[in-house]
Amino acid sequence: MKTETALKTSANFQDADAFYECLLDAHQGLNREQSELLNARLILILANQLGDAQLLQACIAAARQIDTA
Amino acid sequence: MLETPPAYARTAFTNGYEFTQGTGYALPEYPFVAPPEIGAKQLVRHPIVIVGGGITGLSLACALARYGVEAVLLDEDNTVGVKGASSRGICYTQKSLEVFHRLGIYERIAAKGVQWSVGRTFAGDDEVYSFDLRQQSNFNLSTQPPFINIQQFYIEGYLVERIYELGHVDLRWKSRVTAFTQNADVATLTVETPAGSYQIEADHVIDASGSHTPFHDWVGATMQNKRGDDRWCIADVRFSKHPPVERHTWIEAPFNDNRAVWQHLMADDVWRIDYQMAPNADPDAVSREDVVRERLQRQFGKDVEVEIVWVGPYAYRSRCLDKLRVGRVFFMGDTAKIVSPFGARGGNTGVADADNLAWKLAAVLRGRASPTLLESYNAERLEAAQQNVQVTNRTARFLRPADGMERCFRTAAISLAKQYPFARALVNTGRMAVANSYTRSPLCENTGGQSVQNVAFRWANGSQGVVNDLLQWADGDLLVLVFGELTATGLERLQRLAEHAPVRSVQVLAPDERAQAVEHLRDINARGSAHLQGACHVFGHAWALLRPDGYLAATGEAVDGQLVAAVEKTLGLR
């Protein structure tokens with residue numbers, strides 16, 4: 001149970017560089033507003049893949065730690 | 001009032017909030033009778049004084065009358081129907097209908113109102129999602145439908161007539177409370193009437209006087225408030241068009257400048273069309289007759305004949321008291337909390353507040369429970385109030401997102417909902433009211449706290465009964481349902497329990513099981529299915545302890561000390 005909801009802080013990507021490139025490519029040719037919408041849609045799609053309420057909360061809390069970054 | 005249709009012909013039209021007083025309908029009037037206290041030398045002390053004769057106060061009064069408990073109800077005018085800005089309920093939940101069934105007015109509501117179970121949500125011209133509540137297990141066990149829509153004043157009128165029939169409650173019209181004090185011994189109210197003013201004393205005061213209550217100041221109640229800039233305008237209309245009997249909501253309606261619209265039916269063929277206005281729109285301007293007519297034309301076409309019954313502008317608002325009891329005063333309905341109207345969480349929770357306190361007051365006043373039982377009203381109904389405020393605030397935020405990222409996420413959610421089923425869950429045009437569960441109640445074990453649907457079964461003689469019949473038979477006492485065959489000790493323990501505590505027991509049997517208790521019934525309805533056990537959230541050999549408000553206090557397996565402990569806890573003795 002715990003392991004399902006715990007925030008993964010070490011890399012879980014199969015291919016981190018390829019993902020990052022893919023993400024940037026998706027924004028190619030979009031203006032700021034379109035990019036924001038794409039990001040918002042992507043977040044909602046990814047959130048549904050995770051589903052777990054505690055994990056989602058932990059992800060949001062982790063993303064909010066902007067000052068310490 | 002009730003058999004003659006309301007008079008629509010001479011509908012007066014105004015664009016002010018005073019229009020919400022109900023000039024669009026012919027409302028009944030009740031007689032003012034000068035109370036015995038006027039001119040009396042000694043103060044009269046009443047065990048219960050209810051302030052406010054709206055749906056909440058009248059539900060409480062009617063429930064008390066059914067238990068044979070004496071009370072006085074003070075209402076400032078002499079009719080039903082709501083004064084004030086926005087609160088005119090039209091949509092009643094299954095739980096409320098089950099309560100009204102117990103109070104004896106359900107048949108009239110069902111005959112007058114409109115049943116519905118399908119809701120559809122649109123964005124632009126696309127349907128984003130739909131639901132049919134009849135297909136959902138949390139609705140389909142009850143003998144009452146998921147929802148009935150009917151004008152609030154009809155229910156209030158039925159309640160008044162039922163109270164007159166039952167007696168016990170003194171309905172005092174044209175009686176305005178102008179001052180209030182309380183101390184450790186007693187509460188004192190000053191009441192103004194056409195025959196002069198007088199004072200009465202009370203042990204318990206229930207404030208059901210609505211959102212403009214003076215009691216918050218009088219007792220120093222503290223609360224959380226939230227106000228938005230979003231404006232809405234309701235138009236209740238009759239017209240030559242006959243839309244489907246469904247709840248339709250638009251998040252972005254092309255015929256309303258891409259703002260939200262609600263469309264819903266009620267009795268007398270009246271439709272409620274509720275339009276979201278521009279932020280901070282002027283209420284007077286948006287509710288002017290020509291403006292309302294133009295808006296209706298844009299939605300339904302120019303050739304549609306429209307008769308405007310009522311127009312009511314309102315703004316988002318939520319408020320929740322920090323405590324629903326201050327000294328001798330209990331707050332319920334709109335004095336306890338105010339929610340935006342999404343999901344019918346206003347009036348229905350007022351009815352639930354009333355139903356929650358009624359049996360507790362009755363049990364305490366009849367000497368069957370400890371006065372500490374009354375404290376649980378705050379724990380249970382505050383949880384419900386906070387939940388309803390939270391749920392409606394979330395809807396309000398979806399419907400009026402802040403500019404910037406909030407709007408961006410809404411656009412994302414709507415666009416995804418058109419493409420993928422998962423995102424429909426994010427589209428929030430109001431979550432329909434439910435019977436709130438109690439998770440932090442001092443009365444309920446953690447196996448309890450849920451409402452039990454009013455399911456059908458067969459009595460020992462083969463005739464059909466429903467859960468409400470059992471509750472009525474228990475007459476305010478707790479009810480133990482024991483499922484399956486009993487051991488000899490179990491049977492003896494049940495008998496002893498009934499001798500020493502306000503508890504009645506019934507054995508619930510499958511068609512082939514052997515009856516041991518005198519009071520027993522068969523868990524099988526007219527269609528041959530068994531639902532009682534499922535409605536009580538138990539399986540196999542088990543017991544379920546039901547409160548008079550149809551909520552589970554606890555469930556368990558063997559008839560042992562656990563059941564006795566649960567009974568004590570439910571009566572506030574432990």
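Residue numbers start from 1 in every chain, and the chains themselves are labelled A, B, ... in the order their sequence lines are given, proteins ahead of strands. On a predicted model such as this, the values are computed, not experimentally measured, just so you know.
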* If a pair satisfies side chain to side chain donor-acceptor pair (under 3.5 Å) and one of its residues is in residues 17-30 of chain A, list it, with sequence neighbours excluded. => A/His27-A/Ser35, A/His27-A/Asn39

* Structure fact -> Bottom line for A/Ile45: the part with an atom under 4.5 Å from chain B's heavy atoms is both

* Asked: Can we say B/Arg410 and B/Glu252 salt-bridge, meaning some charged N sits less than 4.0 Å from an Asp/Glu carboxylate O?
  -> yes

* Within residues 411-441 of chain B, residues adjacent to chain A where the heavy-atom gap is under 4.5 Å -> B/Thr411, B/Ala412, B/Ala413, B/Ser415, B/Leu416, B/Gln419, B/Phe422, B/Leu426

* Counting N and O atoms only, with roles assigned by atom type, does the side chain of B/Arg295 sit under 3.5 Å from a partner on the main chain of B/Val286, one being a donor and the other an acceptor? -> yes

* Asked: Taking only residues at least two apart or on different chains, which pairs with a member in residues 387-398 of chain B satisfy salt bridge (charged side-chain N to carboxylate O under 4.0 Å, His left out)?
  -> B/Arg397-B/Glu406

* Structure fact -> Contacts of B/Phe539 meeting ring-ring contact (aromatic ring centres under 6.0 Å, His included) (sequence neighbours excluded), chain-then-number -> none

* Judged by modelled atom types alone, do B/Gln276 and B/Asp230 share a side-chain donor-acceptor pair under 3.5 Å? -> yes

